[in-house]
Amino acid sequence: MERNALIQKLEDKAPRYRVDILEMLTEAGSGHPGGSLSAIDLISALYHGKLRHRPDEPHWDRRDRFVLSKGHGVPAQYAVMADLGYFPREQLWTLRKLGSALQGHPCKQYLAGIDASTGSLGQGLSMAQGMALASRLDGDRYQVYCMMGDGESQEGQVWEAAMSAAKYKLGALTLILDYNKGQIDGYTRDVMDLEPLGDKWRAFGWHVITIDGHDYAQILDALDESERVVGRPSIIIAHTLKGKGVKFMEENIGSWHGVAPSREEADRAIAEVRRRANLSLEEAVR
Amino acid sequence: MKPLRQVFGETLARLGAEIPELVVLDADVSKSTKTSIFAKAYPDRFHDMGISEQDMLATAAGLATTGMIPVASTFAIFGTGRAWEQLRNSVCYPSLNVKLVATHGGITVGQDGGSHQSVEDLATTRVIPNLRVIVPADGRETAQVIEHIVREVNAPCYVRLPRDGTPDVHDENYTFALGKASRLREGQDITLCACGVMVSVAIEAAKALQAEGISAAVLNISSLKPIDEEALIQAARKTGALLTLEEHSVIGGLGGAVCEVVSGVLPVPVVRIGLDDLFGQSGSADELLGHYGLTVTHAIAGAKEAIALKAESNPMRW
């Protein structure tokens with residue numbers, strides 16, 4: 001797709017995905033709105049603009065892999081997957097319910113199209129590394145993308161993988177950091193500061209790209225750049241806003257990590273998303 | 001006696017020639033686990049992840065999602081202790097085809113001391129859904145187990161090996177089968193249920209008991225999970241008393257598994273030999289086995305205790 005048309009498409013999709021995320025979480029009565037809304041633009045751009053994948057053939061062995069290591073942000077991934085036809089959109093409203101394929105954290109044994117079961121933080125980058133090693137043994141047939149949270153990078157295993165991915169010169173591996181600055185107990189800078197983050201990854205031997213994680217042109221450029229890097233893994237440090245798109249969440253990120261909105265709050269949030277995007281109610285819920 | 005880890009390394013190298021999907025990972029102890037033998041033969045399919053067991057197991061999980069067959073190896077204490085949650089969440093929750101084959105299990109690690117002696121790993125692995133747990137008793141069984149889990153089992157497996165070798169307890173007609181105990185000796189008065197290095201101890205004890213007029217059967221329960229419930233119930237029915245022997249805590253390992261099986265179906269006295277809720281310490285393997293009560297002498301006393309309990313608990317029945 002031509003670049004401007006792709007960006008236009010992503011911009012059209014964004015408010016719809018945000019409404020779906022809010023509806024899903026409200027229907028579920030639990031979940032993580034802040035980190036889903038901060039990640040959605042990155043995940044949308046990745047699926048629509050970069051991943052080679054086949055929704056009707058989710059186990060296609062040459063597909064690019066995507067590991068959502070920050071598994072609590074999975075409503076964002078589900079919203080995009082439903083839109084792409086991995087499963088019927090009605091299934092979104094079964095999120096977190098007994099027997100649902102849409103588990104509270106992504107689960108490959110429950111839902112085709114999920115490449116890794118995550119949820120326990122800090123493990124996804126190693127899994128993505130394993131996939132990238134397999135890709136190499138298989139003749140470099142696919143790229144591997146992993147999305148991690150900023151608070152998540154406080155886990156020691158992340159830095160074990162940072163070392164090993166550099167040792168193995170995994171150019172096929174791209175890590176996207178959703179740097180939304182918040183975690184359950186507050187701001188990352190207060191709980192356990194990560195800075196200087198880019199310097200840390202550079203020191204570990206990674207190619208570092210820093211962008212605004214809500215700017216599609218920057219996201220797409222960064223994904224292209226990372227794909228061109230050979231001989232070392234890349235990290236895209238994407239500065240994002242926790243709760244992006246909903247003002248009362250953006251302004252109080254500490255309260256919206258792991259709490260679903262009430263029906264009334266969700267209605268207010270959805271009205272705001274629609275207003276900002278100039279969407280009618282019918283358009284918003286399709 | 002060839003160390004079982006040597007058999008493990010040689011078996012991997014042999015399988016590497018035939019199975020291109022076989023990938024081996026280690027965490028800086030490949031010279032000790034003997035995965036170095038595979039590494040030398042197939043350097044492209046060997047990954048030394050450094051001293052990072054968590055990264056190693058989750059990387060193995062990622063490899064397995066693509067159809068590779070990763071075998072990850074380190075010492076039992078680190079593979080199942082340091083990386084327990086990676087084993088649980090990255091490997092077993094999605095039931096990925098990862099084999100964790102750990103060496104240096106139990107107290108016969110010896111001089112390195114309690115920090116390096118895994119006496120809880122059978123409990124902490126047995127409790128994880130989807131995971132198969134196997135403790136081979138001798139070299140022949142070790143080679144068969146490794147080949148079986150690589151070729152035939154598409155699911156997570158934990159195999160625990162000791163540092164040293166063990167006497168042969170199986171002859172050339174033996175074939176390992178997951179979920180099956182092997183009956184090494186027939187007997188009427190008690191059944192000695194053992195795994196790993198304790199199987200040869202059980203056989204020696206049964207011979208000594210024979211000299212005293214006590215007839216003891218011996219079961220090698222190398223497959224702790226799935227466990228051979230049928231063989232255990234049959235043993236309980238036939239002999240009415242059980243003795244378990246393991247180089248592990250008496251909590252949650254083989255003794256626990258045997259009690260779980262018989263208590264629900266045919267409760268009989270079970271005496272458990274193992275570490276009595278204790279950590280190990282430095283010493284030679286033999287000294288430690290003696291110190292913690294894992295010898296033929298202790299097995300004989302335990303067997304007599306179980307037989308006495310049998311008479312006490314149901315004098316009419318026996």
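Below, chains carry the letters A, B, ... as their sequence lines are ordered, and counting in each starts from 1.
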For chain A, which of [options] has the most heavy-atom pairs under 4.5 Å?
| options | answer |
| --- | --- |
| B/Asp55, B/Leu63, B/Leu96 | B/Asp55 |
| B/Met56, B/His47, B/Met68 | B/His47 |
| B/Ile51, B/Thr59, B/Leu25 | B/Thr59 |

Proximity breakdown for [X] and chain B, heavy-atom pairs closer than 4.5 Å:
| X | result |
| --- | --- |
| A/Gln109 | side chain |
| A/Ala161 | both |
| A/Arg136 | neither |

Next item on the list: Compute both the distance and the angle, then confirm whether B/Arg45 meets the cation-pi test with B/Phe38: under 6.0 Å from the six-membered ring centre, within 45 degrees of the axis.
Entry: no
Notebook entry, point to check: Residues of residues 83-91 of chain B under 4.5 Å from chain A (heavy atom pairs)?
Noted result: B/Glu85, B/Gln86, B/Asn89, B/Ser90
Main-chain N/O of [Y] paired to [X] side chain as donor or acceptor, under 3.5 Å:
| X | Y | result |
| --- | --- | --- |
| B/Asn97 | B/Ile69 | no |
| A/Ser117 | A/Cys107 | no |
| A/Asp64 | A/Gln143 | yes |
| A/Ser135 | A/Tyr142 | yes |

Next item on the list: Report the residue from B/Val101, B/Ile146, B/Val145, B/Val150 that forms a side-chain contact (heavy atoms from CB on, under 4.5 Å) with B/Thr11.
Entry: B/Ile146
Next item on the list: Of all the heavy-atom pairs spanning A/Lys108 and B/Thr65, show the shortest one and how long it is.
Entry: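 In terms of heavy atoms, the two residues are closest at CE-CG2, 4.0 Å.
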Item checked: Ion pair check, B/Glu10 and B/Lys34, cut-off under 4.0 Å -> no
Check: Do A/Glu57 and A/Arg62 meet the salt-bridge criterion of a basic N to acidic O distance under 4.0 Å?
Finding: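 No, A/Arg62 and A/Glu57 are not salt-bridged.
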